[in-house]
Amino acid sequence: MPGADLPSIYDALSLLHHIKMARIGYYPWDRIPDLKGKHIVVIGAGYTAVDVAIEGRLLGAEKITMVYRRGLEHSYAKTEIRKLIEEGVEFIEFATPPVRIIGDERVHGVEFARTKIEEGNVVTTDERFILDADIVAYAIGQLPPTSPIREVVCANEKILKEAGIFFAGDVVAPRNIGTAMREGKAKAKEIEEWLLKKAPKKVFPVPVAARLISEVVSGRC
């Protein structure tokens with residue numbers, strides 16, 4: 001897509017990660033893009049898009065526009081989006097992900113194509129429009145950054161647990177955030193038990209555990 005390599009274009013999860021890490025003191029704030037006084041265009045209408053809009057308001061964005069390829073009623077976050085609209089966030093329905101990003105050394109705007117719904121499917125029309133923008137955040141469907149662990153793991157899960165390797169969230173299979181958080185909490189308890197009861201026994205020599213971890217991560221098995 002023309003302009004996709006311009007600065008100030010972010011995937012929403014990475015942007016939110018950096019903001020949250022700065023809030024709890026793990027990252028310095030100079031690692032976070034300056035949103036104050038900026039116009040943020042958020043592409044998407046799910047909970048991740050909502051989170052970006054909320055953080056943008058908290059960090060002083062002058063204007064926030066959310067753009068969605070379907071209508072508001074199609075969004076599972078419509079209740080939260082209605083509240084944001086009441087608070088001044090602009091919401092544009094029936095517009096596809098960008099046709100091009102406009103700018104030179106930075107983003108100046110985004111060109112979209114209008115969409116319509118035909119037989120339940122999103123269809124792109126020939127109508128175009130341009131939004132001014134300083135920052136663009138993609139909050140559309142995300143894919144896990146790692147392969148599901150059950151496709152690449154070369155050892156029995158019980159054996160891996162003995163070695164101190166635990167699975168939760170997207171490495172098991174694609175998860176929504178609630179499921180991933182629940183699994184994460186459960187695994188944290190298992191890890192605590194392992195650290196207190198099994199780790200001191202050195203169940204596996206370090207090189208063996210390291211090899212298992214390496215093979216799982218690299219997907220060689």
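In summary, Glu62 and Lys38 do not engage in a salt bridge, as defined by a charged side-chain N under 4.0 Å from a carboxylate O. Ion pairing between Glu87 and Arg57 holds under the 4.0 Å rule for side-chain N and carboxylate O. Looking at Arg82 and Glu80, no side-chain N of the basic residue comes within less than 4.0 Å of a carboxylate O on the acidic one, giving no salt bridge. For the pair Glu190 and Lys187, the salt-bridge criterion is met [side-chain N within less than 4.0 Å of a carboxylate O]. Electrostatic pairing of Arg23 and Glu55 counts as a salt bridge here, judged by a charged N lying under 4.0 Å from a carboxylate O.
A side-chain contact (heavy atoms from CB on, under 4.5 Å) with Ile19 holds for exactly one of Leu58, Leu59, Val52; it is Leu59. Screening Val110, Val99, Ile102 for a side-chain contact (heavy atoms from CB on, under 4.5 Å) with Ile130, the sole residue that qualifies is Ile102.
The side-chain heavy atoms of Ile64 and Glu90, taken from C-beta on, include no pair separated by under 4.5 Å. Between Ile135 and Val107 the shortest side-chain heavy-atom distance does not fall below 4.5 Å. Put simply, the side chain of Phe129 reaches to within 4.5 Å of the side chain of Ile92, judged on heavy atoms. Residues Val123 and Thr115 form no side-chain contact, since every pair of their non-hydrogen atoms from C-beta on lies 4.5 Å or further apart. Proximity of Tyr10 to Val136: side-chain heavy atoms (C-beta onward) are nowhere separated by under 4.5 Å. Residues Ile101 and Pro2 are not in side-chain contact: their nearest non-hydrogen atoms beyond the backbone lie 4.5 Å or more apart. Using a 4.5 Å heavy-atom threshold, the side chains of Leu131 and Thr65 count as touching. Within the 4.5 Å cutoff, no side-chain heavy atoms of Lys20 are placed close to those of Leu15.
There is no path of hydrophobic side-chain contacts, each under 4.5 Å, that joins Tyr138 to Ile40. In terms of hydrophobic clustering, with Ile, Leu, Val, Met, Phe, Trp and Tyr side chains grouped at heavy-atom distances under 4.5 Å, Tyr47 and Val89 are assigned to different clusters. Linking Ile, Leu, Val, Met, Phe, Trp and Tyr whenever their side-chain heavy atoms come within less than 4.5 Å puts Ile140 and Met1 in one cluster. The cluster map of Ile, Leu, Val, Met, Phe, Trp and Tyr, joined by side-chain heavy atoms under 4.5 Å apart, puts Val42 and Leu72 in the same cluster. No continuous path of ILVMFWY side-chain contacts below 4.5 Å connects Ile43 to Ile54, so the two sit in separate hydrophobic clusters.
In this model, no donor atom of one side chain and acceptor atom of the other lie less than 3.5 Å apart for His18 and Tyr26. In this structure, a donor-acceptor pair under 3.5 Å is absent between the side chains of Asp51 and Thr48.
Here the shortest heavy-atom pairing between Ala45 and Ala49 reads N-CB, 3.9 Å. For the pair Val67 and Ala95, the tightest heavy-atom approach, listed with the atom from each and the gap, is CG1-CB, 3.4 Å. Contact record, Leu35 with Gly56: CD1-CA, 4.1 Å, taken as the closest heavy-atom pair. Phe166 and Trp194 make their closest contact through CZ-CB, 3.7 Å (heavy atoms, listed as atom of the first residue, atom of the second, distance). Of all heavy-atom pairs spanning Ile9 and Gly3, the tightest one is CD1-O, 3.4 Å.
With hydrogens and angles ignored, the 3.5 Å screen pairs no side-chain donor or acceptor of Lys185 with any backbone N or O of Met181. Using modelled atom types, no side-chain atom of Ser75 and backbone atom of Gly46 make a donor-acceptor pair closer than 3.5 Å. Of the possible donor and acceptor atoms, none in the side chain of Glu111 sits under 3.5 Å from a partner among the backbone N and O of Arg100. Between the side chain of Asp134 and the backbone N or O of His39, at least one donor-acceptor pair lies under 3.5 Å.
Between His74 and Phe94, the ring-plane angle classifies as perpendicular under the 30° and 60° cut-offs.
Geometric assessment of Arg128 against the ring of Phe112 yields a negative cation-pi assignment under the 6.0 Å and 45° thresholds. Both cation-pi conditions hold for Arg31 and Tyr27: the charged atom is under 6.0 angstrom from the six-membered ring centre and inside a 45 degree cone around its axis.
Between the NE2 atom in His108 and the CG atom in Asp132 there is a gap of 10.0 Å [rounded to 0.5 Å]. In this structure, Tyr76 OH and Ile81 CD1 are separated by 9.5 Å, a value rounded to the nearest 0.5 Å. Considering CG of Leu16 and CG of Asp11, their distance stands at 9.0 Å, rounded to 0.5 Å. Rounded to the nearest 0.5 angstrom, Lys189 NZ and Glu192 CD are separated by 9.0 Å.
Atom CD of Glu105 is surrounded by 12 or fewer heavy atoms from other residues, nucleotides or ligands within 6.0 Å.
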